[in-house]
Amino acid sequence: MAELSLQHIDKIYDNNVQAVFDFNLDVKDGELIVLVGPSGCGKSTTLRMVAGLEDISKGHLFLDGKDITQTPAKDRDMAMVFQNYALYGHMTIYENMAFSLTLRKENPNVIHKKVLAAAEILGLTSQLNKKPNQLSGGQRQRVAMGRSIVRSPKVFLFDEPLSNLDAKLRGATRREILLLHKRLKATMLYVTHDQTEALTLADRIVCMSMGYVQQVGTPLELYDAPANIFVASFIGLPPMNLFDAKVAGDELILEDAQSVHVALTPEEKQTLAAYQGKTIVLGIRPENIEEGPGIPMTVSNNENLGMNTLVYGNIGGPGGPKVCAKLKGWVGHTFGDQVQLTIKRKHLFDKETTNAIR
Amino acid sequence: MNEEQMIRRDRMRFKNNKLSANLTLLAILLDVLYFVNIYQNDADHYYHTWMIGVSIVYNLIFMLAAFLAEEGVKSYHKAYTYPLILLGAIQIARIFILPMDAHSTTLDSGALAMGDGQFTYLVVLLIASAVCLVAAAVVNFIKCTALQAHMKMLEERSAAGALSQKSA
């Protein structure tokens, strides 16, 4: 049982730079929360405040209803996994995993049982007598996780644990973390700037920018119904195409390509009733674009990915707004080709507030 | 064997034999103390014979051999038990060579080449060093035997497991 609650948390450094603004989050027992955002958005600072490695300037942090805002890191019963593993090079894997318990002067036999159990979970049993430099990056990260597991903490904190790994290993280790979460049913807070990690791992995602929480929701919510332009452009790969467009009756006219008219559905028209004659931001995900009669595009680049093809070009003729379309299959367009695109789904945002229009 | 004992044995798979290793290092330290002390009172150049050369060379060999044995016993090599016992026996035998001879030799000045106090001190150092070496050897032998038996049991268990899996 480990419920975490962050209430109105601010982080202001000594030089008056504020890194986190009014952070609020309730983490349920056994939930895996991913904090995602670009570098410098305050996600690692938030995690470090939860761990007790940074002071909380304002607000309160509760663990199972108990205020731990002022509790030292060592007494918070949380384990942190770092990007650089932080393993002791002169110790074996067994000794590394047992180290924190040895410091607590636990019974060696109990330590042994816990280390073997953690090694079994992580598939490290055959590596226990090796030194960290004899292991691959993925295995070292598993050791770092094992070191956390043996402590049986209330909350696991991960600070970009996969950033040092190559793409293939990152995928494999990501799946291992997910399995670990399902097996341990532990409360986890995970920081990453990689949206793929966020979407695949999280029960809920906290999307941050410039120290502010932009949206909290399930991966599907953030992908399907982004709260604002930042979330819309940050979540999704390739990122969403965004265009300034004027609402004119039952269609949108792109500001940078007046010849391009995008028809609105009756529901969309109703939603945009208050925006008639005004400029909004039209968002279209690359995967929501198909080839078909509609908007003309001049192809500038073509990236075949096997299952899909990313087609880049300008809509409304050369010099028009840039667009990326993710078309199914192997498409052989070349530079200068003229293609017609159909939009399957639109996202609408208020240009001034940047919030989604619903 | 109860569970506690089983776990204690199993721990040996992942932990060094620190007790034997540390006892051996202590024996080396005691020998160094012996070595730096024995020539302190070189009245009438008593020690200036071929013996001093042999003594120095032996001390170097002893330290090297003991250190190698220490590394061996640290990782549960049973074979290093016997060199440790031999080194311990030689430490005892050394009492009857230089210290005993110096203690029983009267110099031209009428004084003993080695006084009672220094003799006692050196004998204690050599005996302590020998005890440490023999104790390290005995501990190593017992632990290695236990570990071998444990490993054999684990192998049998895993073989039985594989067999039952195959038959299933």
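Proteins get letters first, then strands, A, B, ... in listed order; numbering begins at 1 in each.
Residues of residues 60-72 of chain B lying within less than 4.5 angstrom of chain A, judged on heavy atoms, are absent.
Using cut-offs of 30° and 60° on the angle between ring planes, the pair B:Phe14 and A:Tyr94 is parallel.
No more than 12 heavy-atom neighbours from other residues, nucleotides or ligands sit within 6.0 angstrom of CG on A:Asp55. Counting heavy-atom neighbours within 6.0 Å of B:Lys78 NZ, excluding the residue itself, gives a total above 12.
For A:Asn109, the side-chain hydrogen bond (donor to acceptor under 3.5 Å, both in side chains) partners at least two apart in sequence or on another chain are B:Glu4, B:Arg11. For A:Arg151, there are no side-chain hydrogen bond (donor to acceptor under 3.5 Å, both in side chains) partners, not counting sequence neighbours.
Only the side chain of A:Leu116 comes within less than 4.5 Å of a heavy atom of chain B; its backbone N, CA, C and O stay farther away.
Here the straight-line distance linking atom NE2 of A:His112 with atom CZ of B:Arg8 works out to 12.0 Å at 0.5 Å rounding. Taking CD of A:Glu95 as the reference point, atom CG of B:Asn16 lies at 6.5 Å (rounded to 0.5 Å).
Sorted by first then second residue, the salt bridge (Lys or Arg N to Asp or Glu O under 4.0 Å) pairs that include residues 89-102 of chain B, not counting sequence neighbours, are B:Asp31-B:Arg94.
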